[in-house]
Structure formats: structure tokens, C-alpha cells
**Q** 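Got a structure here, written out as C-alpha cells. Questions coming.
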Protein chains: 2
Amino acid sequence: MDAEAQADLALSRIAAAMGEPARLRILHCLLDGHARTSTELAAVAEVSPSTASVHLNRLRSESLIKVSAQGKHRYYRLQGGEVARALEALSVLAGGARRRFVPSTPVYLRFARTCYDHMAGTLGVSLHDQLLSLRWIAEIHNRRGHLYQVTSYGLEGLMGLGIDVAAARNLHRRFAFGCMDWSERRAHLGGAIGAALLKVALKRKWVVQEVGNRALSLTSLGHREIHNRFGLQL
Amino acid sequence: MDAEAQADLALSRIAAAMGEPARLRILHCLLDGHARTSTELAAVAEVSPSTASVHLNRLRSESLIKVSAQGKHRYYRLQGGEVARALEALSVLAGGARRRFVPSTPVYLRFARTCYDHMAGTLGVSLHDQLLSLRWIAEIHNRRGHLYQVTSYGLEGLMGLGIDVAAARNLHRRFAFGCMDWSERRAHLGGAIGAALLKVALKRKWVVQEVGNRALSLTSLGHREIHNRFGLQL
DNA sequence: TCCATTGTTTGATGATAAACGAAGCGTCGA
DNA sequence: TCGACGCTTCGTTTATCATCAAACAATGGA
């Protein structure tokens with residue numbers, strides 16, 4: 001088989017991978033740049049988990065999505081911007097320009113959002129980096145992922161915010177770890193400490209949660225407080 | 001079903017239409033903007049005419065191609081530029097940027113090329129228009145397509161080029177007709193007279209055929225001769 | 001008018017693949 | 001260590017679809 005025919009075949013396999021309603025719903029869902037778990041995507045695609053797993057495998061073998069395991073979950077996301085662009089080009093054919101795909105994470109989600117029970121986005125990543133450079137937290141080696149301990153500086157600072165670090169340590173969950181941020185591609189602070197920080201930020205109205213999505217809005221109070229307490233100019 | 005889900009479904013149907021090797025070969029073949037007959041496309045797709053017919057119907061129902069009947073033939077071509085753009089976006093995913101699709105007729109083909117045994121492209125269309133305005137040929141009405149007769153002016157001119165018009169009239173084929181030019185979307189001169197003109201142009205080295213494609217190169221001699229004999233400034 | 005060419009439609013057949021449940025494998029939290 | 005949970009793999013069923021030959025329709029030329 002010559003190179004031309006082989007390229008055609010590869011192209012048709014990619015198009016076929018997109019040409020199945022359930023798989024297209026999966027791709028469409030991932031278009032915002034977020035990573036989703038297998039279970040979430042099964043619900044979106046409206047198929048059983050086992051069926052979704054087969055679909056995800058197929059999309060992966062065509063390099064349309066990539067996966068990264070994190071603990072119990074497997075996070076799937078688009079392989080890259082080309083995939084989003086191809087889907088957008090296809091959507092032009094379907095019903096004109098009736099509906100536009102959002103090729104990347106929307107600005108309002110990219111800046112700050114919740115990731116389960118802690119902060120993600122630019123805000124979350126910046127805070128994580130600042131806590132590290134202020135030496136409130138320090139990395140400890142572990143075979144899987146980044147784990148953190150709270151230093152004596154950190155203990156003082158967190159208690160100053162009204163966080164009960166000892167109680168957080170006794171929760172049946174990871175204490176503090178670097179949680180991969182999918183819009184920033186860098187770590188933000190997860191675990192019990194991360195959750196406690198979000199709780200404080202919400203309670204003190206540094207950020208407010210929007211309805212209907214996971215976005216967080218930074219208030220002017222929050223802007224001031226985060227600058228004063230962490231030296232972080234957002 | 002909500003609008004979102006319906007758009008996804010339409011999208012997946014389009015992707016599925018492209019996701020079949022034979023159909024993709026057809027689309028790929030049509031990417032140069034030319035129209036092809038059902039039989040030609042069956043050969044390209046390497047399937048039987050009946051199978052090709054089914055595929056062409058499917059592509060047509062998804063508005064990826066359009067058809068126009070001309071006599072015994074049915075000419076298929078891409079629906080529009082968006083289809084070419086979508087295929088190009090997909091080809092980025094297949095094997096990187098290894099091979100680029102040509103979304104429209106390449107310049108070298110657009111200017112001048114063979115159409116079976118006569119001239120097409122800008123050159124062919126210009127010549128056709130000029131022969132009409134010089135009254136070498138005149139349109140005669142016919143229920144299907146444009147047919148032409150050669151006037152006394154034309155007879156003189158063609159004989160001056162060494163063309164045996166009487167012999168051309170006796171060939172078992174259409175004498176002269178307007179053949180739709182798919183890159184120009186206008187007619188060029190086909191039939192026995194069109195073929196005889198190409199033969200002369202090749203013999204006198206006004207144009208030379210390139211190897212491997214249907215392109216024609218206009219020589220400087222051809223440029224001069226066509227200007228002198230037809231008053232055509234290319 | 002007749003025949004060759006071109007193309008579509010139909011019907012039958014075989015291959016592909018999408019779907020699910022059950023079972024298996026890892027990881028997390030108690 | 002022991003479930004609980006998330007996810008995948010396997011095996012089976014079912015439905016879809018690509019394919020071709022044969023029949024049919026339309027056109028052009030002799």
C-alpha cells in the first residue's frame with residue numbers, strides 16, 4: 001500500500017472514531033479542556049461504564065484523547081488543540097455556524113474554579129506556588145504524586161486563618177498533595193488543607209461560587225486579603 | 001431531544017460519512033475541485049459501481065457532495081469549501097502535517113489542464129469565450145446542454161490551423177459543445193473541435209503536457225500565437 | 001429503432017461493531 | 001486486612017452496514 005492510501009486509511013479511522021454518537025458526545029464534553037473521569041463520561045455519553053471504556057480506548061488509540069491515572073480515577077482529556085479545531089471545522093458542516101465549540105477552557109473557569117472541594121485555576125495554582133515559596137508547605141517524597149507537609153510557619157499562618165490543622169490531619173483523606181490542574185497544567189493544593197483553605201475563602205467571602213458551574217469569583221475583599229496575607233498580586 | 005444533542009447527532013453522522021475508507025477516497029479525489037463521474041469515482045474508491053452509487057448517495061444526503069446531470073453522465077463534486085477545510089483539519093490529526101490537502105484547484109491546474117482530450121481551465125474558458133465573440137462558433141439550441149456549430153469564419157480559421165473540420169464532423173462523437181469547467185464554473189469547448197484544437201496546440205508546442213498530472217504549460221510561443229491568432233491577451 | 005454505455009435500485013450475504021452484564025483488577029478509606 | 005468504589009476486560013447478542021450481482025432506467029450514437 002502506498003503512502004497516500006495509508007494516509008487516507010488513517011484519516012478514515014479518525015473520522016470513524018468521531019462518527020459514533022456516544023463517542024462524539026464524549027469528545028464534545030471534553031472540548032472545554034477539562035479532564036473527566038471514565039464514569040462522568042459514561043453518563044455524558046449515556047452508555048454503560050463498560051461501553052464507555054471501550055469507546056475511550058478507541059479514542060485513545062486514535063490519539064484523540066489522552067489519559068492519566070491519578071489514584072482511583074482515570075482522567076481523560078483531549079489530546080490537543082488540533083482535535084478541537086477539527087471538531088469545530090466539522091461543526092461548520094453540521095447546521096452551518098449554528099453552534100460554536102469552545103476550543104479551550106473559558107476564561108471564567110480558567111481563572112478560578114472548584115476542583116471537588118478545593119481551589120483550581122490560575123488562583124489555585126498561584127496560591128499553591130506562593131505557599132511553597134513562603135515555606136508554609138514543603139514537599140515530601142512519595143512514590144505516587146506530590147505530598148506536602150505543613151511547616152511551623154505554615155502551622156502558624158493556617159491557624160491565623162482559623163484552620164484546625166490537627167483536625168485536618170485526622171480526617172480520613174490525604175492531608176495535602178499537588179493536584180494536577182488541567183487548565184494550567186501545573187499543580188494546585190488539594191487534600192484536607194486545600195479543602196480547608198477553600199472553606200475559609202468562601203466563609204470570609206474572598207470568593208463566591210457561581211450557580212450552575214464550577215467557577216469562582218474573586219471579590220475585591222478577597223483580592224485585598226490575598227495580597228496582604230500571602231503577598232500575592234493577582 | 002434538545003438542540004445540543006441534535007447537533008451532536010448531525011455531527012456524528014457527517015463524521016461517520018467520512019469514516020469509511022471508500023467514501024474518504026472519493027472525497028479525497030474530489031478535493032481538487034474537479035467534478036468526477038460515478039464510474040471514475042468507483043474506480044478511485046476501488047469498489048463496484050453499485051457500491052459507489054450507494055456511497056455517493058450517502059455523501060449527498062449529508063451534503064458533502066453535490067451532483068449535476070449532464071447527458072449520460074452524472075458529475076459529482078464537493079459541496080463547498082467548508083468540506084475541504086474540514087478534511088484538511090482532520091488530516092492534521094492523521095500523521096501530523098505529513099500531507100496537506102489542497103482545498104481548491106491548484107494554480108497550475110486552474111490555469112490550464114486537459115479535460116479528457118480538450119483544454120480546460122482559465123485558458124480553455126478564455127479560448128471558448130473568444131471563439132464565441134469572434135463568431136468562429138455559434139450556439140445552437142438543444143434540449144440538453146450547449147451545442148455549437150462552426151460558422152464560415154470559424155471554418156476558415158480552423159482550416160488555417162490545419163484542422164480538418166469535415167473529418168471532425170464525421171467522428172462518432174459530439175461535434176462541439178460547452179463542457180462545464182469546474183474550476184472556472186463556466187464552459188470551455190469540448191467535442192471533436194475542442195479535441196482538434198488541443199491536438200494542434202500540442203503539435204505546435206503552444207502548450208506542453210506535464211507528466212503525472214493533467215496540467216498544461218503555456219509556452220512563450222503559445223502565448224504569442226494565441227495573442228496573434230485569437231486576439232487573446234492572457 | 002436497436003444497441004452500447006452509464007448509472008441507480010434492489011436483494012442477499014457476510015463482516016463489523018456497539019451494547020450490556022458478569023467477572024476481574026487496583027486503589028482508597030475504615 | 002477488608003470491603004467499597006472506579007474502571008477495564010471478556011463473552012455474547014443484536015443491529016447495522018459494506019459489498020456485489022442482477023435487474024432496471026436513461027442516454028447517446030449507429
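Because only heavy atoms are used, hydrogens play no part in the values below, and waters and symmetry mates are left out as well, while side chains stay in. Order of the sequence lines sets the chain letters (A, B, ...), proteins ahead of strands, with each chain counted from 1.
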**Q** A cation-pi test, strictly: NZ or CZ of B:Arg169 under 6.0 Å from the centre of the six-membered ring of B:Phe175 and no more than 45 degrees from its axis. Yes or no?
**A** yes

**Q** Within this structure, what is the NE2-to-P distance between B:His73 and D:dG29, rounded to whole angstrom?
**A** 9 Å

**Q** Using whole Å, report how far CG of A:Leu56 lies from P of D:dG6.
**A** 16 Å

**Q** Would you mind reading off the distance between B:Leu41 atom CG and C:dT6 atom C1', rounded to a whole angstrom?
**A** 13 Å

**Q** Would you kindly give the OH-to-C1' distance between B:Tyr75 and C:dT8, to the nearest whole Å?
**A** 17 Å

**Q** In whole Å, what is the span from the CD atom of A:Glu40 to the P atom of D:dC5?
**A** 17 Å

**Q** Pick the nucleotide of DNA chain C nearest each of A:Arg58 and A:Lys72; which residue has the one closer to the 5' end?
**A** A:Arg58

**Q** Taking only side-chain nitrogens and oxygens of B:Tyr76, does any of them come within less than 4.0 Å of OP1 or OP2 of C:dT8?
**A** yes

**Q** Do the two ring centres, one from B:His128 and one from B:Phe177, sit under 6.0 Å apart?
**A** no

**Q** Is a side-chain donor or acceptor of A:Arg74 paired with a backbone partner of A:Ser68 at a separation under 3.5 angstrom?
**A** no

**Q** Taking CD in B:Gln149 as the centre, count heavy atoms belonging to other residues, nucleotides or ligands within less than 6.0 Å. Is the count above 12?
**A** yes

**Q** Using a heavy-atom cut-off of under 4.0 Å over every strand shown, decide if A:Ser53 touches base, sugar-phosphate, or nothing.
**A** base

**Q** Does anything in residues 49-59 of chain A form a salt bridge (charged side-chain N to carboxylate O under 4.0 Å, His left out)? List the pairs, not counting sequence neighbours.
**A** none

**Q** For nucleotides 19-22 of chain C, print each protein N/O atom paired with a nucleotide N/O atom at under 3.5 Å, atom names and distance only.
**A**
unit_1 : atom_1 : unit_2  : atom_2 : d
C:dA19 : OP2    : A:His55 : NE2    : 2.4
C:dC20 : OP2    : A:Ser48 : N      : 3.0
C:dC20 : OP2    : A:Ser48 : OG     : 3.2
C:dC20 : OP2    : A:Thr51 : OG1    : 3.0
C:dG21 : O6     : A:Ser50 : OG     : 3.3

**Q** Any idea which of D:dT8, D:dT9, C:dC28 is nearest the A:Asn57 side chain?
**A** D:dT9

**Q** Counting only side-chain nitrogens and oxygens, does B:Arg74 get under 4.0 Å of the OP1 or OP2 atom of C:dT8?
**A** yes

**Q** Does the A:Glu20 side chain pair with the main chain of A:Ala22, one donor and one acceptor, at a distance under 3.5 Å?
**A** yes

**Q** Is it true that a side-chain atom of A:Arg25 and a backbone atom of A:Ala45 form a donor plus acceptor pair closer than 3.5 Å?
**A** yes

**Q** Give the rounded distance in Å between these two atoms: CZ of B:Arg23 and P of D:dT16.
**A** 16 Å

